[in-house]
Amino acid sequence: MAPLKILLCGDVLGRLNQLYKRVSSVNKAAGPFDALLCVGQFFPDLTEGLEEFNDYIEGRSKIPIPTYFIGDYGAGSPKILSEALKDLSNKGFKMEGYRVCENLYWLRGSGKFSLHGLSVAYLSGRRSPSGTQFGTYSQDDVDALRALAEDPGTVDIFLTYPLWPSGVTNGTTSKILAEISDAFGNDPAVSELVTEIKPRYHVAGTMGVYFDREPYANVDALHATRFLGLAPVGNKEKQKFIHAISPTPASTMSKTELSAKPPNTTLCPYSNIDKAAPPDGATKRPGNSTSESQYWRYDVSKRQKYGDGGGGDRLCFKFVSSGSCPRGNKCHFRHDEEASEQYSRGVCFDFLNKGKCEKGPDCSFKHSLQEEGDRSASRAASSNRSRECWFCLSSPNVESHLITSVGENYYCALAKGPLLPDHVLIMPIEHTPNTLSLPLECEKELERLQSSLKAYFRKQGKEAVSFEWVFKRGSHANLQVVPIPSSRASMVRDIFNMAAEKLGFKFTMVKGMVTYCIVQSHGVLNPCPIPQPKSSELCKFLHH
C-alpha cells in the first residue's frame with residue numbers, strides 16, 4: 001500500500017483559483033495526494049470574492065482533491081453553509097464533514113474522524129457562549145473534545161482555528177516573530193485541549209505567518225507533537241501557505257516507532273499554562289470572599305482522587321459525566337466522586353471544574369452546589385428540586401414550547417439540542433431519577449408512547465432507537481428516542497457492537513424484555529437498551 005500523502009493549508013480567504021493551481025503543481029511534482037486539510041478563514045473577506053468562490057460551489061469549476069475546512073467564516077458563509085445543512089445527506093452529526101459540494105467538506109464545531117486510517121480531530125472558530133453562529137465554538141464543543149481525548153488511541157492530526165495555543169513559542173529555539181507572540185491574542189483553551197489530546201501534528205492558521213516549531217515531548221505519551229502554523233493563500237510576504245506531510249497512521253505503528261523523537265525535540269511548551277495570568281479585565285477573587293465559598297464548598301479531605309494528578313486540580317470530564325474513566329489510574333485529571341454526583345444533579349461542569357461558567361444565562365445547568373440534604377425530609381427537598389429542574393412540569397424553567405403531549409405519568413417533548421430532526425424525549429411527570437423505579441402502570445404507559453412513536457416514524461420510513469442514561473443519584477429521568485432511516489436500521493446493532501468492542505466489552509442480545517437492562521460501573525447505573533426493528537434489546541451487565 002502506498003504511503004498516505006496529505007496537504008495542509010492556511011487561510012484560503014476564498015482564493016480557490018490560486019489554491020488549486022498550487023495544489024495541482026504540487027500534485028504533479030510529488031503526488032498523488034489523498035486529501036487537503038484547510039485551517040484558518042476559508043471564505044472570502046469581501047463579497048467581491050464570491051464570484052470566483054461560487055464557481056466551485058456551483059460546479060462550474062472542479063475541486064481536484066477531497067478538501068476539508070474548519071474556517072466557516074467570511075462573506076457568503078451563512079448562506080452557503082445553511083444551504084448545505086438542508087441537504088438530506090447532511091442530516092444528523094457529521095464529524096467526518098458536511099458535504100458542501102463535490103470534494104468539499106465542512107468540519108463544523110468540533111469532532112474526530114478517520115481519514116484514510118488517520119485519526120483527525122478539530123476545533124473550529126472563536127470561543128462563544130453559545131457557538132450558534134458560524135465561525136465560533138462553544139463550551140459544548142470543548143467538552144466533546146475532552147471526552148474524545150479520553151478514548152483509546154492516538155490522534156494523528158489536530159486542526160484549530162483561528163487562534164494559536166497560548167505558550168506555543170515557549171522553549172523554542174526557532175526564530176520567533178513578533179506576529180506570533182501571545183499578546184497577539186492566542187487561546188488558552190486550545191493550549192489546554194492540546195495537552196489532553198496530545199496529537200502528533202497540530203495545525204493552525206490565521207496569524208498571517210508560517211511557523212514550523214520543533215517537535216515537543218508530551219507528558220505521559222510516547223510520541224512527540226509537531227506544531228505547524230500556516231500563512232494565508234496568496235500572502236504578499238510570500239510565506240508558506242501549503243505544506244505536505246506523509247504520516248503513517250498511529251494505529252498501525254509499533255511503540256518503538258511511535259516513541260522515536262528527533263534530536264531537536266523540546267519540552268512541552270504548555271507545562272505551566274495553568275499558571276498564566278488571568279485575562280485582561282479579570283480580577284482574582286480573594287480566597288475568603290463569599291463568592292469563593294459559594295463556588296467551592298468541597299471538603300478537600302473528602303475528594304476522591306483516582307488519577308495520578310498530572311493534570312493539576314482539573315477534573316476529568318469523562319469521569320464526572322459518566323462515573324468512570326477508561327484510563328483509570330493513568331488519567332492525568334482528578335476523578336472526584338462528589339463532583340460526579342453534583343454533575344448528575346444538574347450542576348455545570350465548568351462551574352465544578354473552574355468555579356465559574358462563561359456561558360452565563362445561556363447555560364442550562366446549575367451554578368451552585370446541590371446538597372443531598374436530610375433524606376427524612378425528602379418531600380421538601382423534592383419540591384425544591386422540582387422548582388429547579390428544567391424537566392419538571394411544575395418548574396418555571398421548563399421549556400413548555402417544546403412539549404408535544406402530556407399523559408398520566410409521562411410527557412413527550414422535542415429535544416432542545418436535537419441530534420437530528422424529530423429527536424424526542426419521553427419523561428416522567430414525577431421527579432424521578434430513572435424510568436426503572438416507576439410502577440408497572442407507568443411502564444405500560446411508556447410502552448404505549450414508544451409504540452406510538454415507532455408507528456409515527458415508520459410512516460416516514462424510519463425506525464426509532466431509544467436510550468437512557470441512569471445514574472445512581474440521577475436527576476430527572478429522560479428517555480431519548482432518535483429516528484434513523486429504515487434502510488440503516490439493520491446496521492445499528494453492528495455499530496453498537498463495534499463501539500462496545502472498542503471499549504472492551506460485549507453486548508448480550510435479550511429478546512422479549514419489558515424493562516431495561518443495567519450496566520453498573522463505579523457506582524453509576526447505565527441502562528443500555530438498543531431497540532432493533534424486531535423489538536430486541538442489547539444489554540451488558542458489569543459487576544464491580
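Everything quoted here is computed from the prediction, not taken from an experiment.
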ring-ring contact (aromatic ring centres under 6.0 Å, His included) involving [X] - partner list, sequence neighbours excluded:
| X | answer |
| --- | --- |
| F349 | F317 |
| Y68 | Y105, F113 |
| Y73 | none |
| F42 | F53, F69 |

Atom [atom1] of [X] and atom [atom2] of [Y]: how far apart are they, to the nearest 0.5 Å?
| X | Y | atom1 | atom2 | result |
| --- | --- | --- | --- | --- |
| Y201 | D156 | OH | CG | 9.0 Å |
| L193 | S110 | CG | OG | 8.5 Å |
| S119 | R200 | OG | CZ | 10.0 Å |
| R213 | T266 | CZ | OG1 | 3.5 Å |
| L7 | L19 | CG | CG | 9.0 Å |
| T225 | E214 | OG1 | CD | 13.5 Å |

Item to complete: Check whether any side-chain heavy atom of T172 sits under 4.5 Å from a side-chain heavy atom of T169, and report yes or no.
Response: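 A side-chain contact under 4.5 Å exists here.
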
Worksheet entry | Side-chain touch I80/V100, heavy atoms, less than 4.5 angstrom |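 With C-beta onward as the side chain, the pair touches.
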
Side chain to side chain contact (heavy atoms under 4.5 Å, CB included) involving [X] - partner list, sequence neighbours excluded:
| X | value |
| --- | --- |
| S254 | T256, E257 |
| S89 | D87 |
| K261 | A217, A224, T265 |

Worksheet item: Looking at residues at least two apart in the chain, or sitting in another chain, which of them share a side-chain hydrogen bond (donor to acceptor under 3.5 Å, both in side chains) with N27?
Response: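 In terms of side-chain hydrogen bond (donor to acceptor under 3.5 Å, both in side chains), with neighbours along the sequence ignored, N27 is linked to no residue.
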
Discussion item. I'd like to know whether CD of E58 has more than 12 heavy-atom contacts from other residues, nucleotides or ligands below 6.0 angstrom.
Written reply: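 Yes, because the 6.0 Å sphere around CD of E58 holds more than 12 heavy atoms from other groups.
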
Worksheet entry | Crowding at CG, L267 (>12 non-hydrogen neighbours, <6.0 Å) |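 Not more than 12 within 6.0 Å, no.
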
Without swapping roles, check the side chain of [X] against the backbone of [Y] for a donor-acceptor pair under 3.5 Å.
| X | Y | value |
| --- | --- | --- |
| T195 | E192 | yes |
| K28 | S25 | no |
| E399 | H401 | no |
| H223 | A260 | no |

Discussion item. Quick one about H202 and T160 (side-chain donor to acceptor, distance below 3.5 Å, no hydrogens or angles considered), yes or no?
Written reply: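 Looking only at side-chain atoms, H202 and T160 do form a donor-acceptor pair, the distance falling under 3.5 Å.
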
Fill in: Under 3.5 Å side-chain donor-acceptor pair for D72 and Y161
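Side chains of D72 and Y161: no pair found under 3.5 Å.
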
Discussion item. By the definition side chain to side chain contact (heavy atoms under 4.5 Å, CB included), identify the one residue from I65, I63, L16 that meets it with V23.
Written reply: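 Of all the options given, the one that passes is I65.
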
Discussion item. With ring pair (Phe, Tyr, Trp, His ring centres under 6.0 Å) as the test, pick out the partner of Y270 among W164, F227, Y216.
Written reply: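 Exactly one option meets the ring pair (Phe, Tyr, Trp, His ring centres under 6.0 Å) with Y270, and it is Y216.
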
Worksheet item: Residues in salt bridge (charged side-chain N to carboxylate O under 4.0 Å, His left out) with E102, at least two apart?
Response: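 Salt bridge (charged side-chain N to carboxylate O under 4.0 Å, His left out) check on E102 returns nothing, list empty.
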
Fill in: With sequence neighbours excluded, residues passing salt bridge (charged side-chain N to carboxylate O under 4.0 Å, His left out) with D55
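By the salt bridge (charged side-chain N to carboxylate O under 4.0 Å, His left out) rule, D55 matches R60.
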
Discussion item. Under the salt bridge (Lys or Arg N to Asp or Glu O under 4.0 Å) definition, can you give me all pairs with a residue in residues 5-16, not counting sequence neighbours?
Written reply: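 Non-adjacent pairs meeting salt bridge (Lys or Arg N to Asp or Glu O under 4.0 Å): zero.
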
Worksheet item: Could you give all pairs that pass the salt bridge (Lys or Arg N to Asp or Glu O under 4.0 Å) test and reach residues 223-237, with sequence neighbours left out?
Response: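 Only D212-R226 qualify under salt bridge (Lys or Arg N to Asp or Glu O under 4.0 Å).
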
Discussion item. To check you understand the geometry: which heavy-atom pair defines the closest contact between L145 and A121, and what is its length?
Written reply: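 Heavy-atom minimum between the residues: CD2-CB, 4.4 Å.
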
